[in-house]
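Letters A, B, ... are given to chains in the order of the sequence lines, protein chains preceding strands, and every chain is numbered from 1.
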Amino acid sequence: MRVSMQNIYKAFGTNQVLTGVDFELLDGEVHALMGENGAGKSTMMNVLTGLHTRDQGTITIDGKERYFKNPKEAEENGITFIHQELNMWPDMTVLENLFIGKELRTPLGLLKTKEMKALAKKQFDRLAVSIPSEKEAGSCSVGEQQMIEIAKALMTDAKVIIMDEPTAALTEREIQKLFDVIVSLKKEGVSIVYISHRMEEIFTICDRITVMRDGKTVDTKAVPDTNFDEVVRKMVGRELTDRFPKRTSSPGETVLEVKGLTKKGAFHDVNFSVRSGEIVGFSGLMGAGRTEIMRALFGLDSFDSGEIWLKGKKVTINTPDQAVKAGLGFITEDRKDEGLILDFSIKENMVLPSLHSFAPKGLINEKSENDFVDMLIKRLTVKAESQEIAVSSLSGGNQQKVVIAKWIGIGPKVLILDEPTRGVDVGAKREIYQLMNELTDRGVAIIMVSSELPEVLGMSDRILVVHEGRISGELTKEEATQEKIMTLATGGQ
Amino acid sequence: SMQPPEWAQPAKKDDLKDVKIGLSVSTLNNPFFVALKDGVQKEVKALGMEVKVVDAQNDSAKQINDVDDLIQQGVDILLINPTDSAAISTAVQSANNIGIPVITLDRSADKGKVAALVASDNIKGGEMAADYIAKKLGEKAQVAELEGVPGASATRERGQGFHNIADKKLKVVAKQSADFDRTKGLNVMENLLQANPDIKAVFAHNDEMALGAIEAINSSGKDIMVIGFDGNDDALKAIKAGKMEATVAQQPDLIGKLAVDAGRDVIQGKKVEKNIPAPLKLVIKE
Amino acid sequence: MNAINESTKAGKTNFVSTITQKLGPLLGLIILIIIVSVLNPSFLEPLNILNLLRQVAINALIAFGMTFVILTGGIDLSVGAILALASALTAGMIVSGLDPIFAIIIGCLLGGVMGIVNGLLITRGKMAPFIATLATMTIFRGLTLVYTKGNPITGLGDNYLFQLFGRGYFLGVPVPAITMIVTFVLLYIVLHKMPFGRKTYAIGGNEKAAIIAGIKVPKVKVMIYALSGLLSALAGAILTSRLNSAQPTAGTSYELDAIAAVVLGGTSLSGGKGRIFGTLIGALIIGTLNNGLNLLGVSSFYQQVVKGIVIIIAVLLDRKKSA
Amino acid sequence: MNAINESTKAGKTNFVSTITQKLGPLLGLIILIIIVSVLNPSFLEPLNILNLLRQVAINALIAFGMTFVILTGGIDLSVGAILALASALTAGMIVSGLDPIFAIIIGCLLGGVMGIVNGLLITRGKMAPFIATLATMTIFRGLTLVYTKGNPITGLGDNYLFQLFGRGYFLGVPVPAITMIVTFVLLYIVLHKMPFGRKTYAIGGNEKAAIIAGIKVPKVKVMIYALSGLLSALAGAILTSRLNSAQPTAGTSYELDAIAAVVLGGTSLSGGKGRIFGTLIGALIIGTLNNGLNLLGVSSFYQQVVKGIVIIIAVLLDRKKSA
Ligand SMILES: Nc1ncnc2c1ncn2[C@@H]1O[C@H](COP(=O)(O)OP(=O)(O)OP(=O)(O)O)[C@@H](O)[C@H]1O
Ligand SMILES: Nc1ncnc2c1ncn2[C@@H]1O[C@H](COP(=O)(O)OP(=O)(O)OP(=O)(O)O)[C@@H](O)[C@H]1O
Ligand SMILES: [Mg+2]
Ligand SMILES: [Mg+2]
């Protein structure tokens with residue numbers, strides 16, 4: 001199926017998101033769509049599939065003008081969208097999730113459960129995963145959930161599949177399987193729109209690349225005719241010298257020490273320490289238990305045994321407020337769900353953990369609050385018209401900067417960053433790395449949990465690898481390689 | 001200060017030609033008070049006066065607001081059917097302050113100056129019911145009592161009157177509140193019958209509950225005498241049809257009429273009785 | 001902290017917790033029945049059980065509709081008011097000479113229409129269900145009083161079928177109980193065996209995702225509020241027949257009893273989780289409490305205290321289990 | 001689709017929408033006042049305005065507490081019951097010879113304790129606020145009836161200060177109105193100028209994020225339900241003084257009026273968004289409606305219909321603007 005979108009305009013209120021974008025998808029190609037956060041990639045695809053209506057422009061499908069009223073109509077006409085945010089019903093079973101809105105039914109209107117189960121199994125086999133169809137979707141790992149979404153799309157006999165960051169939550173093995181499926185789909189003549197911030201993947205799997213910036217198409221090129229640096233330059237509109245800025249700080253004395261931290265069924269005998277000015281990277285497969293360790297450390301979850309020492313003193317951390325008091329900051333992996341209050345302004349979000357320091361006499365001193373936030377906005381180069389606008393209107397990268405800024409106010413001794421650049425574009429990524437460097441220069445100890453190996457290798461002073469809830473090895477910056485990390489992460493020696 | 005400021009006091013009217021009456025009713029969700037209101041309106045019309053009606057919906061706080069609002073509209077006399085005797089006192093006092101005479105209907109006011117109270121004697125009515133049962137079924141018969149909304153003066157007074165006699169002459173084996181409500185009367189009665197199969201008579205604090213109780217008794221197949229209170233249309237019909245034994249009938253429309261008449265007398269400067277009794281009668285099948 | 005932990009549910013405990021979750025309310029009911037019947041054996045007499053079933057029917061019917069509403073994450077405060085208005089209109093039609101059974105059918109449809117008004121305010125008007133149905137509750141109550149002038153409507157004649165509907169027995173079982181059971185079976189099928197039920201859960205679980213999945217969310221919601229209205233009107237018809245009259249203040253605070261039944265049955269007020277079987281049990285718990293406390297001669301003042309405490313204990317136990 | 005577009009709020013429109021959002025309810029109130037006073041000029045007479053303020057005070061005080069509760073995404077159905085129970089206990093203390101002012105203070109504290117019970121059920125017990133406060137509502141109502149034996153408590157003596165509290169004037173303004181305004185100013189400062197207010201909004205905006213930011217969410221919530229209970233008890237004290245007695249059924253369905261005031265004031269029932277100034281306006285709107293409809297001689301049946309319709313219109317207009 002050939003899809004052509006021409007001169008598409010779309011605004012949300014006064015926010016002009018698409019300003020005359022063009023896009024052309026051919027039969028049986030894998031077409032990468034790239035651009036910074038907020039460039040309008042997801043929006044363009046939502047316009048195509050009818051979730052949003054365009055303000056202007058034409059869409060043709062196989063040469064004929066065609067506009068869908070809603071995603072379901074698009075799907076019935078062969079265009080399926082795997083959304084960036086998982087569209088899951090955590091309390092419903094996997095099977096119910098797969099067939100929502102398109103259940104098979106008898107002429108009397110009753111559900112045909114057996115047939116649906118068989119169909120589900122067929123798709124899961126194709127993806128080489130085994131997920132019991134009676135399992136509650138919410139108890140599946142994020143990777144499994146992503147696989148369910150993909151299976152859902154495969155079930156529709158699609159001619160075009162749009163994948164919006166499908167690999168953000170997948171393991172290497174799962175990604176490989178997905179790529180196999182993409183190749184076989186391509187052979188069947190299915191066209192694929194592939195949206196991702198992961199450069200390596202784009203160059204592995206895609207045939208052509210379209211780069212967007214500020215709601216416009218910048219360029220479309222075949223993959224062999226372009227390279228990494230050119231794509232990045234077109235995306236951000238300027239030259240990006242190096243992806244990972246140079247680490248300059250040198251680690252000082254030990255700030256945090258974790259001894260024998262254990263929680264049955266989650267992690268066992270976790271020992272590690274972080275020094276001031278040091279970045280310790282936590283690597284491992286998806287679901288290895290890194291997030292759970294950090295949540296326990298921060299007092300969000302309970303643990304069974306173990307000790308936490310800060311600057312040589314044993315501390316008790318049972319609740320997050322104790323952690324914050326002790327000087328810990330936690331940037332969670334899900335910024336929308338746990339990091340930000342979306343309706344709050346930038347200012348209100350940034351001062352939240354340190355509110356009381358702005359109200360020495362009980363009343364909040366707005367002037368010092370404003371000054372402080374202005375300073376942070378400038379230092380972190382948050383792109384926003386004012387500190388009063390709601391964070392929900394910021395792009396992903398800028399939102400992430402607000403989350404980090406939040407913790408600067410408490411003067412943290414230790415900062416935990418869980419997947420700090422997930423879903424963040426190259427330009428913003430670099431700025432976040434720079435910020436981490438600045439923080440360590442001031443003596444902050446940083447724990448960085450990340451599933452992106454280049455990031456772990458590029459930014460950490462020391463790397464700990466987690467495998468099934470245990471620390472399976474430690475590598476210095478110098479000795480670490482992708483291969484060594486992967487071996488440790490999969491349980492090899 | 002307990003008085004509104006000078007600048008806010010309304011100008012006193014001295015033109016008594018077109019008399020405006022304010023009527024505050026405790027509730028209009030109940031046929032009794034609807035009839036009472038109708039009685040007022042009919043008499044007012046007959047006398048060529050004007051009446052403003054407000055409905056407190058059984059909420060004492062709303063009622064004193066309502067009375068404030070009536071005063072605001074410049075009524076010359078207030079007819080108040082209080083939701084509660086104690087709670088209405090402040091409203092009566094504020095009317096007194098401005099010099100508007102007050103007549104209460106069905107219930108009295110604890111404090112403040114009331115020109116007249118027009119009411120049937122609820123205590124007496126309760127006694128009549130108990131006497132009737134004792135007379136019909138003999139002493140020590142087992143009876144049940146369906147009480148009205150807890151705390152309502154009708155509940156208290158009718159209950160008091162009933163027990164004045166019943167505690168001596170009858171055996172009250174069960175009493176439960178059914179909130180003056182027919183549905184609750186039905187459900188509560190069903191359950192009471194289950195717990196006390198030997199009941200011979202039921203006294204309900206109003207006809208609504210009595211009618212509910214009758215439905216319960218009918219489906220249980222038992223033969224139990226039911227006495228209600230109020231004498232509303234449904235109850236009278238039920239008595240006529242032989243389904244209900246008796247009711248202590250009030251005459252709400254008469255209460256309304258008597259109140260208006262008393263009000264007229266007050267305005268014309270005539271002397272009125274402090275307590276104006278409205279006749280009460282026990283209605284049984286002829 | 002709690003909010004976050006709540007969602008932490010490992011795979012294995014799931015099976016056990018599903019079982020206790022399903023049996024929780026039933027267990028509660030059984031314990032309650034045992035307590036009551038030990039204290040007063042007459043509770044278990046057949047006639048009392050039949051009475052109990054009849055008393056429960058009205059609340060259960062309303063609570064069934066409320067279950068669908070709550071599953072979508074909504075709430076319907078207007079059920080009691082719809083019951084009263086529909087019942088008044090039905091009685092009015094009967095008095096004016098319409099065939100009673102025909103009047104009941106029209107009355108139920110009118111109840112459905114009132115529910116549609118709720119649904120449209122919520123979907124088209126984008127009002128929060130709480131405030132939309134709070135407003136319509138006031139309006140429907142007012143209209144009932146306007147229509148009845150505050151008086152009960154009586155003189156409904158003695159059509160045998162009509163009387164049977166609220167007061168009669170069929171094969172020895174009270175007709176309202178039969179109506180309740182038949183409705184339960186139908187709705188059980190709709191909720192658990194048909195796509196409509198899946199959509200109901202999907203809306204409550206994740207409304208945005210439901211929209212993207214092509215579910216016509218507004219349409220489904222309107223249908224659900226219509227169902228709630230229709231069932232309230234049906235409950236109203238039973239009440240009208242039982243009382244042989246329409247009461248202007250009928251159904252006052254029935255919404256609270258219905259919501260309590262749904263929650264006691266284990267359905268979550270935030271939507272997406274719950275079962276209609278639980279609601280049936282919840283209604284029986286409340287009915288048993290009312291009936292049992294009366295049988296035990298507990299004063300109506302203490303009855304309220306006991307009811308509140310039982311609700312708290314039941315919900316707390318349910319929480320404990322799933323934690 | 002709608003649900004998704006709803007969140008569409010671009011940076012620039014924010015400013016304009018904040019303005020209309022702030023003025024929306026006030027505008028509604030002004031329009032209402034104009035309509036009423038054109039139809040009946042006596043509405044604007046000084047005494048009526050003073051009466052109106054006094055009438056509004058009770059609902060406004062309760063609604064202030066409710067605003068905090070709703071901002072955290074909760075709800076408190078027990079306010080009316082707390083009012084009744086606290087009022088009965090206060091009256092009981094006065095009758096038994098305690099100094100009335102002292103009794104009022106203890107009564108308010110007891111109201112706060114009842115609120116703490118709510119708060120603990122919700123935080124420790126992890127109960128949904130709706131069901132927790134529904135249960136405590138039943139319990140507190142029952143306890144009130146048990147304590148008062150269903151009778152009003154009278155004979156409160158004639159302590160001048162006590163009578164002044166509900167019925168008196170200070171500098172020409174009714175004392176309840178002064179209590180309301182002072183409370184408003186204090187709570188305004190707490191909500192908009194102090195960390196506690198920020199925390200309140202944060203919890204309603206995103207509870208998980210608030211927890212992670214180190215806010216002691218359970219503590220804040222308990223304090224807020226305590227505040228709501230305390231203010232209900234304060235309103236109860238005013239009512240006791242006005243009625244010169246404690247009524248066992250006082251405050252019935254006051255929770256609905258309070259919630260309506262909060263929502264009319266533009267606060268969102270899902271939490272995190274709203275202002276206490278709006279609530280004051282909301283309470284004035286409801287008060288003006290009650291007072292105005294009485295002055296216009298509208299029958300109480302139609303009053304309900306009109307009130308419901310006004311609520312719908314007001315909320316719909318508010319939606320329109322922010323859309
Ligand atoms: N429903 C919506 N309402 C309001 N603004 C929206 C909506 N959807 C997207 N936007 C805005 O449109 C812009 C483009 O968003 P879009 O999601 O298309 O970007 P993207 O290129 O997919 O970015 P990312 O790489 O972060 O996914 C952003 O500024 C975003 O805030
Ligand atoms: N809130 C939750 N509910 C259910 N399961 C969870 C939850 N949090 C974690 N898990 C499960 O616990 C295991 C460990 O997950 P964890 O998030 O700690 O891993 P991770 O190494 O940080 O990986 P990720 O990169 O996905 O965060 C996984 O199997 C995950 O599915
Ligand atoms: Mg996107
Ligand atoms: Mg993680």
**Request:** Return yes when atom NZ of A:Lys112 has more than 12 non-hydrogen atoms of other residues, nucleotides or ligands closer than 6.0 Å, and no otherwise.
**Result:** yes
**Minimum side-chain heavy-atom gap C:Arg198-A:Met92 below 4.5 Å** = yes
**Item:** chain A interface, residue from C:Pro195, C:Gly214, C:Ala213 that has the most non-hydrogen pairs under 4.5 Å
**Value:** C:Pro195
**Prompt:** Between C:Ile189 and A:Leu110, is any pair of side-chain heavy atoms under 4.5 Å apart?
**Reply:** yes
**Asked** Counting heavy atoms not belonging to C:Phe170, are there more than 12 under 6.0 Å from its CZ?
**Response** no
**Request:** Just give me the residue among A:Glu76, A:Glu75, A:Glu103, A:Lys152 that pairs up with chain C most often, heavy atom to heavy atom, under 4.5 Å.
**Result:** A:Glu103
**Complete:** Among C:Gly204, C:Ser268, C:Ala210, C:Gly197, the residue with the most heavy-atom pairs under 4.5 Å to chain A is C:Ala210
**Request:** Mark yes or no for whether C:Asn206, through its side chain, and A:Met88, through its backbone, hold a donor-acceptor pair below 3.5 Å.
**Result:** yes
**Fill in**
Nearest heavy-atom approach of A:Trp89 to C:Tyr201 is CD1-O, 4.4 Å
**Item:** Selection from A:Gly101, A:Gly109, A:Ala266, A:Ala74 maximising heavy-atom pairs under 4.5 Å formed with chain C
**Value:** A:Gly109
**Message:** Does atom NZ (A:Lys336) have a neighbourhood of more than 12 heavy atoms from anything else shown, all under 6.0 Å?
**Reply:** no
**Fill in**
Rounded to the nearest 0.5 Å, the NZ atom of C:Lys193 sits from the OG1 atom of A:Thr113 at a distance of 6.5 Å
**Fill in**
Rounded to the nearest 0.5 Å, the CD1 atom of C:Ile215 sits from the CD1 atom of A:Ile100 at a distance of 5.0 Å
**Prompt:** Closest approach of C:His192 and A:Leu111, non-hydrogen atoms and distance?
**Reply:** O-CD1, 4.0 Å
**Message:** Can you confirm whether more than 12 heavy atoms, excluding those of C:Phe196, are under 6.0 Å from its CZ atom?
**Reply:** yes
**Request:** Answer yes or no: are there more than 12 heavy-atom neighbours, outside A:Glu468 itself, under 6.0 Å from its atom CD?
**Result:** no
**Message:** Does A:Met116, at its CE atom, have more than 12 non-hydrogen atoms belonging to other residues, nucleotides or ligands within less than 6.0 Å?
**Reply:** yes
